Peer 1: 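Before we start, here is the structure in question, set down as structure tokens.
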Number of protein chains: 2
Amino acid sequence: MSVKLVTTDKQKRIARYAKAMGHPVRVYVLELLSNQSCCYSGDLSDELPIAKSTLSQHLKELKEAGLIQGEIESPRIKYCINKENWKEAQLLFKQFMGI
Amino acid sequence: MSVKLVTTDKQKRIARYAKAMGHPVRVYVLELLSNQSCCYSGDLSDELPIAKSTLSQHLKELKEAGLIQGEIESPRIKYCINKENWKEAQLLFKQFMGI
DNA sequence: CATACTGTTCGTAAATTTGCGAACAAAGAT
DNA sequence: ATCTTTGTTCGCAAATTTACGAACAGTATG
């Protein structure tokens, strides 16, 4: 009878990032922000067929997962990729998926 | 006033795969199966500190997302990566994350 | 100061996810 | 034919996710 192994920290971080990417709207936002530089919440709201409160929630999730960050630029908020963590996510997925 | 754009099929597929990868146990399983060849449910059950019914559910999710497949090899079931879809996932994430 | 604009937070509802143990099904072994 | 092994399915509960509109807060503008 062996001691049960548990998942590693790396696996947990991969899962955390993957979970944040697990919704089409959030993929859309990440794709936009990783390709071009930054954007405002309003720009997204114009293009996405969801309530702005719902969008705000998705952005919050991405923020909490560490994938994006928001910078106040009154009266708007400029969202950008969190470069450091995006880089970590790239590395983790590269290793994980063998790409 | 412009027609609202919606997320693309590609984004939906990325989100679908990401969602399936969004749990440490499922990352663990995928990592195992993508590195080595295949394994049995029992092998996983021995190492993971979860009920076998819970493991079965996780495997079902990975199956439904198309990332793994199970082959009956009585009395056990041999799980392998679904190579075709795994390859698609690799490609999608490569493009998506720029890696 | 009142108004408009931008975006978050709150309250709510419905759906989904996660997890467990018990019951079940299929196939081999005794 | 019964028992054992392997893994799924069922039934349930708790937590989380998704979504919306209304209300709110902060900052500019008239």
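Given the structure is predicted, the values throughout are model-derived calculations rather than measurements. Throughout, a chain's letter reflects where its sequence line sits, starting with A, and its residues are numbered from 1.
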Peer 1: Does the A:Gln95 side chain pair with the main chain of A:Leu92, one donor and one acceptor, at a distance under 3.5 Å?
Peer 2: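 The answer is no, because no donor-acceptor pair under 3.5 Å joins these two groups.
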Peer 1: Measure the distance from CG on B:Leu48 to P on C:dG19 and round it to the nearest whole Å.
Peer 2: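 Whole-Å distance recorded here is 11 Å.
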Peer 1: I'd like to compare against my own output: the B/S/- annotation of nucleotides 5-10 of chain D with a strict under-4.0 Å heavy-atom distance to protein.
Peer 2: -SBBB-
Peer 1: What salt bridge (Lys or Arg N to Asp or Glu O under 4.0 Å) pairs are there with at least one residue in residues 19-42 of chain A, not counting sequence neighbours?
Peer 2: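 Residue pairs passing salt bridge (Lys or Arg N to Asp or Glu O under 4.0 Å), neighbours aside: A:Arg26-A:Glu61.
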Peer 1: In terms of the nearest nucleotide of DNA chain C, which residue is placed more toward the 5' end: B:Ser74 or A:Lys19?
Peer 2: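 Per heavy-atom nearest nucleotide, the more 5' residue is A:Lys19.
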Peer 1: OP1 or OP2 of C:dT17 less than 4.0 angstrom from a side-chain nitrogen or oxygen of B:His58, does that happen here?
Peer 2: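 No, because none of the side-chain N or O atoms of B:His58 sits under 4.0 Å from OP1 or OP2 of C:dT17.
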Peer 1: Do the side chain of A:Asn85 and the main chain of A:Gly66 share a donor and acceptor less than 3.5 angstrom apart?
Peer 2: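 It does hold such a pair.
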Peer 1: What integer distance in Å separates B:His23:NE2 from C:dG19:C1'?
Peer 2: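 Distance check: B:His23 NE2 to C:dG19 C1' gives 9 Å.
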Peer 1: Do B:Glu71 and B:Tyr79 have side-chain N/O donor and acceptor atoms under 3.5 Å apart?
Peer 2: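 Their side chains do not contain a donor-acceptor pair, so the 3.5 Å distance test is not met.
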Peer 1: Please enumerate all residues that pass ring-ring contact (aromatic ring centres under 6.0 Å, His included) together with B:Tyr17, with sequence neighbours excluded.
Peer 2: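 For B:Tyr17, no residue satisfies ring-ring contact (aromatic ring centres under 6.0 Å, His included) once neighbours in sequence are set aside.
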Peer 1: Indicate whether any N or O donor in one side chain lies under 3.5 Å from an N or O acceptor in the other, for B:Lys83 and B:Gln69.
Peer 2: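 Absent: no donor and acceptor within the cut-off.
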Peer 1: Rounding to a whole Å, what distance do you find between B:Tyr28:OH and C:dT18:P?
Peer 2: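 Atom OH in B:Tyr28 sits about 18 Å away from atom P in C:dT18.
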Peer 1: Using whole Å, report how far CG of A:Leu44 lies from P of C:dT8.
Peer 2: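 Checked: the CG to P distance equals 10 Å.
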